[in-house]
Amino acid sequence: MHQQKRQPELVEGNLPVFVFPTELIFYADDQSTHKQVLTLYNPYEFALKFKVLCTTPNKYVVVDAAGAVKPQCCVDIVIRHRDVRSCHYGVIDKFRLQVSEQSQRKALGRKEVIATLLPSAKEQQKEEEEKRIKEHLTESLFFEQSFQPEHRTVSSGPSLLTVFLGVVCIAALMLPTLGDVESLVPLYLHLSVNQKLVAAYILGKGFKDAFGTYV
């Protein structure tokens, strides 16, 4: 006999609730921001009913504060700020979205969304820009102080590569020239005049670059 698959029992308060955005910012000087939209998503295979609560319901109007969301669908919840006064600037209010199964009363999950009223969007952008500039200057100063000792150490004398090239060029100049039959050095180590000229040029230029500013 075919048995009907039973849905596992959901624990109260443990169901993840997906809402976007998680923060609402209203600007007093921008009337277009006085109306915000919350989107509630239902990724589950069963329908959900929801309810929107607020810590200060007298300051907001919530359109469709209660309703249902079909499986794997979403619903928009419109929130309007109706008490835009300077005494509310910077005050953080909270909305709580509670969801449950349509056939149950207990809340399976909840999500909080904070809401803040600010005086001006331009002032907020200016403060954020000043904050970014301060952070950038702080980071620049930190890196400058961190790398300054190392920079002085590197610039206090010739690099290892310059010293190595100088030693190689000096050794090349000390080797016998092609055609010197009296030398005891093997023939494959004899250098041509052009090769020695190149070595002398590299040695002279390297010496000038490395020590020119210190002589």
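Counting from 1, the numbers follow the sequence of the chain as shown. Predicted model only: the values in this text are computed from it and were never measured.
The distance from the NZ atom of Lys111 to the CG atom of Leu97 is 10.0 Å, given to the nearest 0.5 Å. Taking CZ of Arg96 as the reference point, atom CD of Glu112 lies at 5.0 Å (rounded to 0.5 Å). Interatomic distance, Lys49 NZ to Gln98 CD, rounded to the nearest 0.5 Å: 11.0 Å. Note that CZ of Phe46 and CD of Gln102 are 11.0 Å apart. Values are rounded to the nearest 0.5 Å.
With hydrogens and angles disregarded, no donor-acceptor distance shorter than 3.5 Å links the side chain of Lys106 to the backbone of Glu101. Of the possible polar contacts, none joining the Thr116 side chain to the Ile25 backbone as a donor-acceptor pair under 3.5 Å is found. In this structure, His34 contributes its side chain and Tyr27 its backbone to a donor-acceptor pair below 3.5 Å.
There is no path of hydrophobic side-chain contacts, each under 4.5 Å, that joins Val61 to Leu24. The hydrophobic cluster containing Tyr41 does not contain Val37, counting ILVMFWY residues as joined when their side-chain heavy atoms lie under 4.5 angstrom apart, directly or transitively. Note: the hydrophobic cluster containing Leu53 does not contain Val62 (ILVMFWY, side chain heavy atoms under 4.5 Å, direct or indirect links). Leu15 and Phe50 fall within a single hydrophobic cluster, where Ile, Leu, Val, Met, Phe, Trp and Tyr are joined by side-chain heavy atoms under 4.5 Å apart, directly or via other members. Criterion: ILVMFWY side-chain heavy atoms under 4.5 Å apart, direct or through other members. Under it, Val17 and Ile114 are not part of a common hydrophobic cluster.
Minimum heavy-atom separation, Tyr44 to Pro16: OH-O, 2.7 Å. Residues Phe26 and Thr33 share a closest heavy-atom pair of CD2-O, 2.9 Å. Minimum heavy-atom separation, Ala107 to Ser100: CA-CB, 4.2 Å.
For Gln31, the CD atom sits in a loose shell: 12 or fewer heavy atoms of surrounding residues, nucleotides or ligands are nearer than 6.0 Å. A 6.0 Å sphere centred on CZ of Phe164 holds no more than 12 heavy atoms belonging to other residues, nucleotides or ligands.
Annotation: side chain of Asn14 is not in contact with side chain of Leu108 (no heavy-atom distance under 4.5 Å).
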If you look only at distance, which donor and acceptor atoms sit under 3.5 Å apart when one is on a side chain in residues 64-84 and the other is two or more places apart or in another chain?
unit_1 : atom_1 : unit_2 : atom_2 : d
Asp76  : OD1    : Thr39  : OG1    : 2.9
His81  : ND1    : Asp83  : N      : 3.3
Arg82  : NE     : Asn58  : O      : 2.9
Arg82  : NH2    : Asn58  : O      : 3.4
Asp83  : OD1    : Arg85  : NE     : 2.8
Asp83  : OD2    : Arg85  : NH2    : 3.2
Asp83  : OD2    : His88  : NE2    : 3.0

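Applying the salt bridge (Lys or Arg N to Asp or Glu O under 4.0 Å) test to every pair with at least one member in residues 15-33, sequence neighbours left out, gives no pairs at all.
Here Asp93 pairs with Thr56, Lys59, Tyr60 under the side-chain hydrogen bond (donor to acceptor under 3.5 Å, both in side chains) rule; sequence neighbours left out.
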